Amino acid sequence: MARYNAREAEPKWQKKWEDAAVFRTRIDRTRPKYYVLEMFPYPSGRIHIGHGRNYVMGDVVARFKRAMGFNVLHPMGWDAFGLAAENAAFEDKSHPAKWTYANIATMKAQLKLLGLSIDWSRELATCDPSYYKHQQKMFLDFHRLGFVARKESNVNWDPVDHTVLANEQVIDGRGWRSGALVEQRKLTQWFFRISDMAEELLTAIDGLDQWPDKVRLMQRNWIGKSEGARVTFALTDAKHKALEIFTTRPDTLFGASFCAISVDHPIAQDLAKGNRALTDFIAECKRIGTTEAAVETAEKMGFDTGLRAKHPFVAGQTLPVYVANFVLMEYGLGAIFGCPAHDQRDLDFARKYKLPVIPVVIPEGEDPRTFQVGAEAYVGEGKLANSDFMNGMSVDDAKRSVIDKLEKMGVGKGTITYRLRDWGISRQRYWGCPIPMIHCASCGVVPVPDKDLPVKLPEDATFDQPGNPLDRHPTWKHVACPRCGKPARRETDTMDTFVDSSWYFARFADPHAPGPTNREAVDYWLPVDRYIGGVEHAILHLLYSRFFVRAMHKAGYAGLDEPFAAMFTQGMITHESYKDPDGKYLFPEEVEKRGDVAVKRGTNQKVTVGAIEKMSKSKKNVVPPEAVADTYGVDAARWFMMSDSPPERDSEWSEAGIEGAWRYVQRVWRMVDEAVPHLPGFGSVAPDGFSAEALAVRQVTHRTIAAVTEDLDRFRFNKAVARLYEFVNVLSDFKPKGSDGQWAMREALETLTILINPMAPHLAEECWQTLGATTMAVEAPWPKADPALTRQDTVTMAIQIDGKRRGEIEMSKDSDAKAVEAAALALDTVAKAIDGRRIKKVIIVPNRIVNIVTEQSGG
RNA sequence: GGCCCCUUGGCGGAACUGGUAGACGCAACGGACUUAAAAUCCGUCGUUCGCAAGGACGUGCCGGUUCGAGUCCGGCAGGGGCCACCA
């Protein structure tokens, strides 16, 4: 019996696709376009099967949409700048470019092995000057348009990687790559003014209705809009006359018992001059830092400045002003008023420094005269009390009322604050896109003229010591000022690599365009109709891209604001991890399972089987795609990746699972191979009539078309796969008799071939050829379900007595209620269950269920 | 600490807007074929009572709404995610 030989078939068909250039895409206005994109990879070395799911998922969509008649764009490129390359160069005394391009070559071959329907003619790498020169051009345009700022600010400094990190790249106080404790440093940096677009980026989230709710929520939280008020407190101090604070609870102003300012607040800094105690206090606060652990354990600390703030409404009342460790300069105005009764943090502080706790919001049912706040602040709803003109109001009314009053008095203003801060893009590294700016002693900061782009990285940089290789390069940074011609210095910072990935999807529309984008191509292809990637990019990459495309729009490089119409976050592939007796991780292929125990292959050393976790190089729980392709074939791997687990959830890679997929591949092949000699030729005309048996098979065929089409459309690959298992189960029981049955079998097998094509494209080609087709399956149109065959004529209805299932009846579809009721009541089991009780009512849900409700005796 | 999500057989998971819980796959078990194994094919497979027909129970736990709840509402427990001294 012929066995399907994936090892021969897969490379063969991949070559045919490539020779016929079937995945080469161009603008075609006669067909609807569909742009499917997986987040492009960072070329870190080799891919493992865990990376593959993402690309296979995109490929299934691409092939499905192509068959459905869409003009599909499915490109691939490389997020090729980044620190890892520089670190590798430092390690082996080579060059980041060498490491990067070697990895790209390896990974490209691996991706090709997976049989992805990618238009490789559009391949790009962000580290190529032909890419980053456009990024520099856009940077200059953004600079002209005011989207770029140069600011001195406290920055997150990674002492290991010797670079600045964006807030988003600091996780629990540590650098996201190095893991080193981040220090605060004051540096002048380049920023994108993303915070100016906070409101726009926030409201536009409402329109992203094809994004996962989770991602939309994360973005909303990240932008962090707070509505509140600024309030100016007059100070009883000759030098510092006023203190402006931000609050989201102006309604609690009568409960204020202190003010607090950040250690970085100008007043605190000023007071610290010549005040040893305060200087020490500030230093102590900075030492403790803001790591998660520190925040958990650190006490609220305050330093009484001696300043007193006058309450805006209560003549004669003053509040002490503290410098406090829990007030952040970066948020709001770096100053607050504290209302201990209604804020837990303020309460902790008040208890420590013995400040008054005055409740002003009284919960429903409590008496304002007796209501007390204990260990926990009251943050709920209620009626205002002890608050003069606000007494009796709800919290919301009180907020409006107090803001109104503050505004009239000229000491406050209703205002909105965002958590989102400007995007610092300066990195003190070599392997990134140079920022095209020049510092001149007389002209200041001067943009590199467009004609001098690209500012290329020098190839002869050295990587044998830490720090920025651009800065220590002997000649690169020394240039003439483009304005006055005097000696000047190039900017030696490079851009955050998130800039590179903020527009690559637009470049794919025409990666060879002479300018940053080809507007015709961008207008045709964008937005990305389906963007697929990990949820770990839910905030950074997606938010930056949304900002960047808006800026591109304003600069004329794109005609839209939202780059990704639909977003899908796929789950990870997980695998058991293994450790040898010394606690060293082992690769799965080094482990042999003998019954319940695992041993190191070829030895008797016991292996500890660890948790099922995300595949990662460091845990060695990875499976190389080459090994899988060699043993089972790529189609089996693709099939397995799409089966069982819903795509948004993690799925576990297992030998048993891939074997199951392999069996299915073999089964489909065998079925086609054995059936074909007995079938009419490809393209035979349908017979006039069909036997009941043949008709039944045709119905299954068409119902499968309808179901699989819908499942693929809705990203339910696991269900599509289940449907195709069922289909094959039905077909293997079908022994066609007569020419009508044989025709029905041919129809079924041709349909099956095209339906499995998105998941198992090589197998589909092989079957398609065996079935006698002269074209390739990749070019075959998606089958259409015939409504006459998908229609159900009879339905099975469940009969319930008092909500419990007691039987079922077979009825013709849409039977009238009387007939259904009569049929139900005629059942023996029903009569028995009713047991002579009176029937109170009969509920009939058409084509689904009958529920007979009886009079319950007694109770 | 805040916000959000999840919890269905031995396992991964189906069950569209409340309407026959457990599709499909994996594992397991029994059988056929085979000198034997693999492959393949047939069958069983939520728990429980029963010889059987059939019945009872069953979607993390407690309660509610409903003729009817895996699905809706309230509370609790466990697991996960994001943010985090954010005023």
Side-chain angles (χ1 to χ4, degrees), chain A residues 1 3 171-172 212-215 217-222 224-226 228-229 245-250 252 259-260 262 288 290 292 294-296 298-301 324-328 330-339 342-346 348-349 379 417-421 535-536 538-539 639-640 643-646 649-652 654-661 663-664 666-667 670 710 714 716 718-729 732 796-808 829 832 840-854:
Chain A
M1 187 200 305
R3 214 184 213 202
I171 295 148
D172 296 340
D213 288 341
K214 181 169 64 171
V215 174
L217 184 71
M218 281 161 71
Q219 293 226 343
R220 279 195 193 99
N221 290 345
W222 190 263
K225 180 178 184 173
S226 291
I245 62 92
F246 174 74
T247 178
T248 56
R249 292 298 300 272
T252 62
C259 286
S262 164
I288 293 171
T290 55
E292 186 184 6
V295 167
E296 284 286 305
E299 270 198 68
K300 309 281 172 273
M301 293 197 303
N325 63 341
F326 62 86
V327 181
L328 304 176
E330 299 83 28
Y331 185 79
L333 298 165
I336 62 162
F337 81 81
C339 175
H342 305 293
D343 183 289
Q344 190 58 45
R345 197 194 39 209
D346 294 349
D348 295 344
F349 190 80
V379 295
T417 298
Y418 301 89
R419 213 189 68 110
L420 182 68
R421 282 166 238 159
V535 72
E536 68 272 20
I539 298 172
W639 186 261
F640 176 41
S643 61
D644 293 349
S645 291
R649 248 187 255 183
D650 288 353
S651 79
E652 196 196 341
S654 67
E655 281 299 303
I658 181 74
E659 277 170 20
R663 277 200 295 271
Y664 180 81
Q666 293 298 334
R667 202 173 159 202
R670 211 178 323 114
E710 197 193 333
R714 297 173 66 171
R716 302 199 294 209
N718 55 324
K719 288 184 66 188
V721 164
R723 282 294 191 161
L724 290 165
Y725 271 111
E726 283 180 277
F727 190 29
V728 167
N729 288 345
S732 26
T796 309
M797 296 180 70
I799 314 299
Q800 296 181 338
I801 312 296
D802 298 320
K804 287 205 197 296
R805 187 174 168 277
R806 297 297 176 191
E808 58 184 42
T829 50
K832 207 177 131 201
K840 214 156 86 177
K841 62 176 159 176
V842 177
I843 290 153
I844 295 172
V845 181
N847 302 324
R848 278 189 187 273
I849 206 162
V850 180
N851 191 8
I852 300 168
V853 186
T854 67

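Computed from a prediction, not measured in an experiment: that's the story for all the values here.
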Heavy atoms under 4.0 Å, any strand shown: does [X] hit a base, just sugar-phosphate, or nothing?
X	value
A:Arg806	sugar-phosphate
A:Ser643	nothing
A:Leu217	sugar-phosphate
A:Asn718	sugar-phosphate
A:Val721	nothing
A:Glu808	base
A:Ser654	nothing
A:Asn729	sugar-phosphate

Using the [atom1] atom on both, measure [N] against [M] and round to a whole Å.
N	M	atom1	value
B:C67	B:G2	C1'	42 Å
B:G22	B:G58	C1'	11 Å
B:U7	B:G70	C1'	11 Å
B:G9	B:A28	C1'	13 Å
B:A69	B:G64	P	12 Å
B:A21	B:U35	P	48 Å
B:U59	B:G78	C1'	16 Å
B:G10	B:C29	C1'	12 Å

Residue [X], side-chain atoms from C-beta onward, closest of [options]:
X	options	result
A:Pro646	B:C57, B:G13, B:G19	B:G13
A:Val845	B:G19, B:C82, B:C86	B:G19
A:Ser226	B:G25, B:G13, B:A87	B:A87
A:Asp644	B:G25, B:G19, B:A21	B:G25
A:Arg805	B:C83, B:G12, B:U20	B:U20

Exercise for review: Do nucleotides 42-50 of chain B as a string where each nucleotide becomes B, S or -: B if the base has a protein heavy atom under 4.0 Å, S if just the sugar-phosphate does, - if no protein is that close.
Suggested key: S--------
Who does [N] pair with, Watson-Crick or G-U, both distances under 3.5 Å?
N	result
B:C82	B:G2
B:A36	none
B:A28	B:U44
B:A53	none
B:U71	none
B:A77	B:U7

Check whether any side-chain N or O of [X] sits under 4.0 Å from OP1 or OP2 of [N], and answer yes or no.
X	N	result
A:Arg419	B:A87	no
A:Asn221	B:C86	no
A:Arg663	B:C26	yes
A:Tyr725	B:G25	no
A:Arg345	B:C86	yes
A:Lys214	B:C6	no
A:Lys804	B:C57	yes
A:Arg649	B:G13	yes

Exercise for review: Would you kindly say whether A:Ser262 and A:Tyr331 are connected by a side-chain donor-acceptor distance under 3.5 Å?
Suggested key: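 Result is no, nothing qualifies.
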Check your understanding: Between A:Arg805 and A:Asn851, is any side-chain donor less than 3.5 angstrom from a side-chain acceptor?
Key ->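 Side chains of A:Arg805 and A:Asn851: no pair found under 3.5 Å.
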**Study point:** Expected output: side-chain A:Asp343 to main-chain A:Asp346 donor-acceptor under 3.5 Å
**Key:**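 Yes: the side chain of A:Asp343 pairs with the backbone of A:Asp346.
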Check your understanding: Has the side chain of A:Gln800 got a donor or acceptor atom that lies under 3.5 Å from a matching backbone atom of A:Arg806?
Key ->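 No, because the side chain of A:Gln800 does not come within donor-acceptor range (under 3.5 Å) of the backbone of A:Arg806.
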**Study point:** Set of residues satisfying ring pair (Phe, Tyr, Trp, His ring centres under 6.0 Å) with respect to A:Phe640, sequence neighbours excluded
**Key:**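 By the ring pair (Phe, Tyr, Trp, His ring centres under 6.0 Å) rule, A:Phe640 matches A:Trp653.
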**Study point:** Quiz item: A:Lys300 side-chain donor-acceptor pair to B:C85 base, under 3.5 Å
**Key:**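 A donor-acceptor contact between them is present.
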Practice item. For B:G9, decide between syn and anti, treating a glycosidic angle within 90° of 0 as syn. Key: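 Here the answer is syn: the torsion falls within 90° of 0.
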Practice item. Select from A:Ala722 and A:Lys841 the residue whose nearest nucleotide in RNA chain B is closer to the 5' end of that strand. Key: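 It is A:Ala722, whose closest nucleotide lies nearer the 5' terminus.
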**Study point:** Residue whose nearest RNA chain B nucleotide is more 5′ - A:Ala656 or A:Ile336
**Key:**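 Checking each residue's closest nucleotide, the 5'-ward one belongs to A:Ala656.
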Point to revise | Euclidean distance, A:Ile245 CD1 relative to A:Leu333 CG, rounded to 0.5 Å | key: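 That separation rounds to 7.5 Å.
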Review point. Would you say A:Asp644 and A:Asn718 make side-chain contact, with heavy atoms under 4.5 Å?
Key: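 Contact flag for A:Asp644/A:Asn718 side chains = no.
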Practice item. Fit a plane to each ring of A:Tyr664 and A:Trp639, take the angle between them on a 0 to 90° scale, and name the class: parallel (under 30°), tilted (30 to 60°) or perpendicular (over 60°). Key: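 Answer is parallel, since the angle falls under 30°.
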